[in-house]
Amino acid sequence: TQPSSADEAPTGTKLVEITVNGSGDFNLQFEDAGDGSINKVASDNWSGTAIADGTAGWFRLIAVGDSGVYSTSDPRIDGSVGTANAELIMADTNITTGSVQTISVFKLNCVT
């Protein structure tokens, strides 16, 4: 279950950690903002190998060094995961240990 606030500690079982090219490098990069959105660097492959079986229900984008506990100062973005009508759309939300998960498009829409 997704926490009610990104300030809360994560809940559930961590299924996969997404890194640059599945390398363990958590320094995910974004293009310069434009047209009200920020996109991942198009040439970067964001991927990771699943570490547990389960059904993806929510995600958290964090900064390197996130405390992992309740915090009002760690920068975090949480969102829902689903096959439709979610903030992170996946072809299949069923994750199997050892499977490679890839994010080909990641776009943050900025609104005021």
Side-chain angles (χ1 to χ4, degrees):
T1 303
Q2 181 178 341
S4 59
S5 164
D7 293 339
E8 300 292 332
T11 60
T13 300
K14 184 186 297 185
L15 301 176
V16 64
E17 292 182 329
I18 301 297
T19 63
V20 178
N21 299 318
S23 65
D25 176 1
F26 290 100
N27 194 22
L28 303 175
Q29 298 291 308
F30 291 89
E31 301 282 356
D32 291 336
D35 296 328
S37 65
I38 303 169
N39 297 285
K40 80 172 200 58
V41 171
S43 60
D44 284 355
N45 174 29
W46 289 9
S47 63
T49 302
I51 56 175
D53 293 340
T55 302
W58 69 281
F59 73 91
R60 176 168 283 175
L61 181 65
I62 62 172
V64 173
D66 185 279
S67 66
V69 298
Y70 180 88
S71 174
T72 58
S73 59
D74 284 325
R76 300 171 175 160
I77 297 172
D78 285 0
S80 60
V81 174
T83 56
N85 302 317
E87 292 156 316
L88 178 64
I89 306 296
M90 296 179 68
D92 185 354
T93 57
N94 294 308
I95 307 294
T96 303
T97 302
S99 64
V100 175
Q101 303 298 310
T102 301
I103 296 176
S104 25
V105 176
F106 192 93
K107 179 178 185 176
L108 294 171
N109 292 316
C110 306
V111 295
T112 58

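Scope of the values below: all heavy atoms of this structure, side chains included, with no hydrogens, waters or symmetry mates. The structure presented is a predicted model; accordingly, all values stated were derived computationally and were not measured.
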Group every Ile, Leu, Val, Met, Phe, Trp and Tyr by side-chain heavy-atom contacts under 4.5 Å, then state whether [X] and [Y] land in the same group.
X   : Y   : result
L61 : I89 : no
I62 : W58 : no
I18 : V20 : yes
I77 : L88 : yes

Which pair of heavy atoms, one from [X] and one from [Y], lies closest together, and at what distance?
X    : Y   : answer
S104 : K40 : O-CE, 3.2 Å
L108 : F30 : CD1-CE2, 4.2 Å
A9   : P3  : O-CG, 3.7 Å

Straight-line distance of T55 OG1 to N94 CG, nearest 0.5 Å: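 Atom-to-atom, T55:OG1 and N94:CG are 4.5 Å apart.
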Pairs where residues 17-38 contributes a residue and the test side chain to side chain donor-acceptor pair (under 3.5 Å) is met, not counting sequence neighbours: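 Qualifying pairs, neighbours excluded: K14-E17, N27-Q29.
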Stepwise side chain to side chain contact (heavy atoms under 4.5 Å, CB included) check, F106 with N39: CA-CA 6 Å; F106 192 93; N39 297 285; over 6 Å; no
Please tell me if the side chains of [X] and [Y] come closer than 4.5 Å, counting only heavy atoms from C-beta onward.
X   : Y    : result
T93 : T83  : yes
M90 : I95  : yes
F59 : S80  : no
I38 : K107 : no

Summary of salt bridge (charged side-chain N to carboxylate O under 4.0 Å, His left out) pairs that have at least one residue in residues 76-89, sequence neighbours excluded: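 Counting only pairs at least two positions apart or across chains, the salt bridge (charged side-chain N to carboxylate O under 4.0 Å, His left out) contacts touching residues 76-89 are R60-D78, D66-R76, D74-R76.
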Output side-chain donor-acceptor pairs under 3.5 Å for residues 43-53, partner residues at least two apart or in another chain, one line each.
| from | atom 1 | to | atom 2 | distance (Å) |
| --- | --- | --- | --- | --- |
| S47 | OG | G22 | N | 3.2 |
| D53 | OD1 | T97 | N | 2.6 |
| D53 | OD1 | T97 | OG1 | 2.9 |

